[in-house]
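Down below is the structure, laid out as C-alpha cells.
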2 protein chains.
Amino acid sequence: MAGNSAGGRGVKSDETLFAIIEAVREADGIGVTELAANVNLAKSSVHKHLSTMRDHGFVVKRNGEYHLGLEFFSYGQYTRTTQDVYSAALPALEEIASETGESTWLMTHENGQVMYLDGRDPNDEINVNALVGSWEEMHANSGGKVILAHLRESEVNEIVERHGLSAKTDETITDRATLEEELERVRERGYALNLGEGLREMNAVAVPLISQESVEGALSVAGPTYRVKRERCEGELLDRLRAAADDIGLSLAY
Amino acid sequence: MAGNSAGGRGVKSDETLFAIIEAVREADGIGVTELAANVNLAKSSVHKHLSTMRDHGFVVKRNGEYHLGLEFFSYGQYTRTTQDVYSAALPALEEIASETGESTWLMTHENGQVMYLDGRDPNDEINVNALVGSWEEMHANSGGKVILAHLRESEVNEIVERHGLSAKTDETITDRATLEEELERVRERGYALNLGEGLREMNAVAVPLISQESVEGALSVAGPTYRVKRERCEGELLDRLRAAADDIGLSLAY
DNA sequence: CCGTTCGTTCTCCATCAGAGAACAGCAATC
DNA sequence: GATTGCTGTTCTCTGATGGAGAACGAACGG
C-alpha cells in the first residue's frame with residue numbers, strides 16, 4: 001500500500017499500525033468506523049490496533065474520538081534531546097537569536113531530509129512550533145544545502161534521486177548540475193546562503209556543525225529579504241554563526 | 001509480557017513492536033543481536049520489525065547501531081502542539097518565569113499521570129529538557145494535585161488504584177483519606193501547594209487550567225524552599241498564576 | 001588465512017491478524 | 001417510549017504471516 005520498499009522482509013502488521021497512526025494524526029480526532037474506512041481495514045482490526053496502542057499510551061480517547069497520545073511526545077522529546085547537536089547547540093540558539101534579532105534555527109538531517117530541531121524568533125513573526133519537528137527537503141534550504149555539501153557524492157546522488165529537486169520558488173535549484181556547483185561553492189566558502197530559494201522574500205545563512213569529520217547538523221539565521229540582505233548574511237550574521245559553530249564543534253568533541 | 005491488559009483483544013505484533021521500541025530507547029544505540037536477546041525474540045524477527053520501522057523513519061542506523069528516529073520527534077511535536085492548553089498557555093509560561101524569576105511549568109494529564117508539556121527556568125538551575133516529556137505521578141506534585149482535585153471521585157479512585165500513592169519524600173501523601181482531605185482543601189482554595197512532597201527542599205504552587213468545566217492542565221511555579229516559601233506561594237506567585245489562568249481559560253473557550 | 005561474530009536472507013509451520021457478523025450503547029426521530 | 005440508525009465493541013473463523021532457526025555473507029582480528 002503506502003510503504004512499498006519493505007517488500008517481503010517487512011512486518012505487515014507494523015505497516016498497518018503506522019498507517020493507522022498516520023491516519024489518526026491527519027484526522028486529529030476520529031472514530032473507529034471512519035478510521036477503518038480511511039485505512040481500508042475492517043473495523044474490528046482497527047479496533048484491535050487502537051486498543052493495543054491505548055494500553056501503551058500512544059493513543060487516547062477523548063469524547064469518543066481517538067487522538068495521538070502524549071507517549072509520542074515522550075519518545076519525541078527523548079529523541080530530540082539525545083541528538084548530540086541539540087544539547088550542544090541549544091544555548092547558542094538563544095544567544096544568536098537575541099543578539100542578531102533574527103530567527104535562528106537548528107537542523108539535523110536523517111534519511112535525506114532535514115528537520116528543524118528547534119528555533120527562536122525574537123520578533124515573533126514566525127510560528128516556530130509549526131516548523132520545529134517538520135521535515136524539509138534539503139536543496140531549498142540553507143541548512144540543508146550546507147549539510148549536503150559535506151556529504152559524500154554518492155549520498156547526495158541517492159538523496160536527489162529519492163526526493164528530487166522540486167521548485168519551491170523560481171529561485172530554487174532544480175537540476176543536479178547547478179546543485180553541484182552550488183555545493184562546491186558552499187564547500188569553498190564554508191557556509192550556505194539561501195536567497196529566496198525556499199520562500200519568496202526570505203533569505204538565510206547557514207553554517208555546518210561538524211564533529212569528527214562528519215556533519216551533524218546546521219545552524220542558520222533567516223529573515224525577510226528587506227532586513228536580511230546578502231551583505232548582512234555574509235557579514236555580521238556569518239561571523240556570529242561561525243563563532244557559535246566553532247564552540248559547538250568543540251563541545252561535540254568533548 | 002510487559003503490557004498484559006490487552007488480553008486476547010490486542011495485537012501481539014504491536015506489543016512486540018512496542019517492546020522493541022522501548023528496548024531501543026533504553027539502549028540508545030544497539031545492534032540486532034543484543035536487541036533480540038533483550039526482548040526475547042529471534043534475531044530474524046527483530047530484524048524484520050526494525051526494517052519496517054526504518055522504512056518509516058521511526059528508527060535509524062548510525063555506525064551499525066539502531067537508534068530511535070526523528071519521526072518520533074515529528075509525531076511528538078505534533079502531539080504537543082495540538083494540545084489546546086499548550087498554545088494557550090505558552091506565552092504565559094515565559095512571562096511568569098521572567099517576572100517571578102522562578103521555574104514555571106505547564107502540565108497536562110493523561111491516563112492517570114501528568115506530563116510536563118513545557119517549562120522555563122530563568123535561573124538555569126534545573127535541566128528543563130530532562131523533565132519536559134516525562135511522566136509523573138499525580139499525588140506528589142502540585143500540578144497533579146490541582147488536576148486530581150477537579151476530576152470526578154471515581155476517576156480519582158481509579159488513578160489511585162492503578163498507580164498507588166508511593167512516597168517520594170516523608171512529606172508525600174500516601175493514603176487515600178489524607179489525599180481526599182487535601183483535594184477538598186485544594187477545591188476550596190482553588191490552588192494546590194506542594195511543600196516538599198515530591199522533592200525535599202522543593203516547594204511549588206499550581207492553579208488549574210479549566211475549559212468548559214473540565215481541567216485541561218495546570219500551571220505551576222516551583223523553586224527551592226529557601227526562596228519559594230509558603231507565604232510567597234500563596235501571595236505573589238499565586239496572584240500571578242491566577243491572572244494567567246484566567247486569561248488562558250478565556251482563550252481556551254475562544 | 002582461518003575463526004568468530006555480527007547482520008541479513010531464507011524456508012517452513014503454528015499462530016494470529018483481519019474479515020464479517022452479531023451485539024451493545026447511545027441519540028435522535030417519530 | 002418504542003423505533004431507527006448510528007456508533008464502538010466482542011465474537012468466531014480461517015488463510016496469511018509473524019516468528020524460529022538455520023544458512024549465508026560480510027567485517028574484523030589474530
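Chain A is the first sequence line, chain B the second, and so forth, proteins listed ahead of strands; every chain is numbered from 1.
Computed from coordinates, the B:Lys61 NZ to D:dA26 C1' distance equals 11 Å when rounded to whole Å. C:dA17 atom P lies 12 Å from atom CD1 of A:Ile20, rounded to whole Å. Taking atom CD on B:Glu15 and atom C1' on C:dC16, their separation rounds to 13 Å, with Å as the unit. Atom CG of A:Leu17 and atom C1' of C:dA17 are 12 Å apart (whole Å). Atom NE2 of A:His47 and atom P of D:dT7 are 15 Å apart (whole Å).
Under the 4.0 Å criterion applied to side-chain N and carboxylate O atoms, A:Arg189 and A:Glu182 are not assigned as salt-bridge partners.
For the residue pair A:Asn157/A:Arg176, the side-chain donor-acceptor check at 3.5 Å is satisfied. In this structure, a donor-acceptor pair under 3.5 Å is present between the side chains of B:Tyr116 and B:Asn141. With hydrogens and angles left out, the side-chain atoms of A:Arg25 and B:Ser74 include a donor and acceptor closer than 3.5 Å.
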Using a 4.0 Å heavy-atom cut-off, write out nucleotides 14-20 of chain D from 5' to 3' as B (base contacted by protein), S (sugar-phosphate only) or - (no contact). ---SBBB
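Taking five base pairs at each end of the helix from C:dC1-D:dG30 to C:dC30-D:dG1 and finding the rotation axis that steps the C1' atoms of four pairs onto the next four gives two axes whose angle is 40°, to the nearest 10°.
The nearest pair of heavy atoms linking A:Ala23 to A:Leu35 is CB-CD1, 3.5 Å. Of all the heavy atoms in A:Leu70 and B:Met115, the pair that sits closest is O-CE, 3.7 Å.
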For residues 212-220 of chain B, which side-chain N or O atoms pair as donor and acceptor with protein atoms under 3.5 Å away, sequence neighbours left out?
| from | atom 1 | to | atom 2 | distance (Å) |
| --- | --- | --- | --- | --- |
| B:Ser214 | OG | B:Glu216 | OE2 | 2.9 |

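When A:Tyr75, A:Trp135, A:Phe72 are each tested for a ring-ring contact (aromatic ring centres under 6.0 Å, His included) with B:Tyr75, only one passes: A:Phe72.
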